[in-house]
Amino acid sequence: MDTSLEEQLIELYQALETPPGENRCGSCRTCCTAAGLSRQNVTDLELAVLGEAGPDFARYAARERRADGSFVHPECPNLGPQGCRVYAIRPFSCRVFGHYRASGTTLPVECVYLGKDHEFPAPDYYRAVPGALRLRELSRDFQLRRVPGGQTSGSPSGGLGLNLDDPWDRALELVGRGHLPELPDENEGESLFAAYVRALVAGERGEHGEALRHYQRVLSECPERHDLMTFAGFHAFQLGRMDQAEAFWLQSLRLFAGNPLTFSFLGYLYSHRQLWQMAADFFGAAFELEPGQPLYNQRQAEALARIRLCSKQEEPESS
Ligand code: SF4
Ligand code: SF4
């Protein structure tokens, strides 16, 4: 996992700790049971920080049930006889529970914070709960570093849901609906996610130089993201930087040889160079991976036809 994000999350956790001796929480532990809360949000970065305790906590937080309807983990697997076994790295939701409460939700009747909590309108979560926005930024960058297993990227927001107060989430949402958003002025030290959104938006605008620059920034910190490498290669190709495009695509295939798009892009590049056999091979590989895409098959056939034409032209004329 990314050490600096892990460290930054722990710094955030520490900043949220109540001063020693001021933990006025009761001992009921209701909020550490599946029946005590209806749901509990936890991000992948927080699960990574929990280490070995992460997977079971994720099942508990999801309130996973068996076939008979009973909870897989009726109480948090981190709860021991002395209380929370992962107290120093317990997730954010455990930290803010009881202190902040969205309107329309209630605390358990036995909770010592009942009547003393800060109530906020649910849509104001990121404004009202200290540290929520920071957790979101860190978790989003963590998600961006994760390598998609298949040919398409996972949710770029990391399953965090959209926060439409956030300009980057708003922009992402608009791009998803086919609009071109205005973005804030570029700032040094912007999050990786901001660079990712800038790359997407520039790509949609056909600003290939900008798109390439932002993808390069993302890739400098996420060198395993073969899918983004494929997009970076596309923009390099559009700029006429054939060698750079080829390098991106070949590296993308070294990392993940299962994306038909990358194979087809190389097919186009070798067609452009009139390296017809290579073009046919790459289009053929793309078609094998995605037989439902007739264009790859068609391009392969065209490349093979070029090879036949070339060999005919090279044949010596018979006397
Ligand atoms: S991680 Fe700790 S504080 Fe959070 S629910 Fe589990 S036992 Fe309770
Ligand atoms: S329900 Fe309230 S009092 Fe009980 S452990 Fe949770 S935060 Fe503390």
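Note that ligands are numbered from 1 as they come in the structure, with each ligand's atoms numbered from 1 the same way.
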Quick one: look up the protein heavy atom nearest [atom] and list residue, atom name and how far away it is.
atom                    : answer
atom 4 (Fe) of ligand 1 : C94 SG, 2.3 Å
atom 6 (Fe) of ligand 1 : C76 SG, 2.3 Å
atom 2 (Fe) of ligand 1 : C84 SG, 2.4 Å

Is it the case that [X] and [Y] place a side-chain donor and acceptor less than 3.5 Å from each other?
X    : Y    : value
R134 : Q8   : yes
E110 : T30  : yes
E246 : Y270 : yes

Looking at ligand 1, is there an atom of it that comes within less than 4.0 Å of some heavy atom belonging to Y87?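 It does not; every heavy atom stays at 4.0 Å or beyond.
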
Taking atom 4 (Fe) of ligand 2 as the center, what protein N, O or S atoms are found at less than 2.8 Å? C28 SG

Using a cut-off of 6.0 Å, state whether more than 12 heavy atoms not belonging to H179 lie near its atom NE2. yes

Could you check Y13 against R95 for side-chain hydrogen bond (donor to acceptor under 3.5 Å, both in side chains), going step by step and ending with a plain yes or no? CA-CA 8 Å; Y13 282 169; R95 292 165 190 271; 5.1 Å; no

Those atoms of ligand 1 less than 4.0 Å from some heavy atom in F57: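 Here the atoms of ligand 1 in question are 1 (S), 6 (Fe).
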
Tell me, with the steps shown, if S191 and E137 meet side chain to side chain contact (heavy atoms under 4.5 Å, CB included). CA-CA 7 Å; S191 71; E137 284 169 4; 5.6 Å; no

Over 60° means perpendicular and under 30° means parallel, so classify the ring planes of H208 and H235, tilted if in between.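 The arrangement is tilted - the two ring planes meet at 30° to 60°.
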
Of the options F231, F256, F248, which is the one that meets H226 in a ring pair (Phe, Tyr, Trp, His ring centres under 6.0 Å)? F256

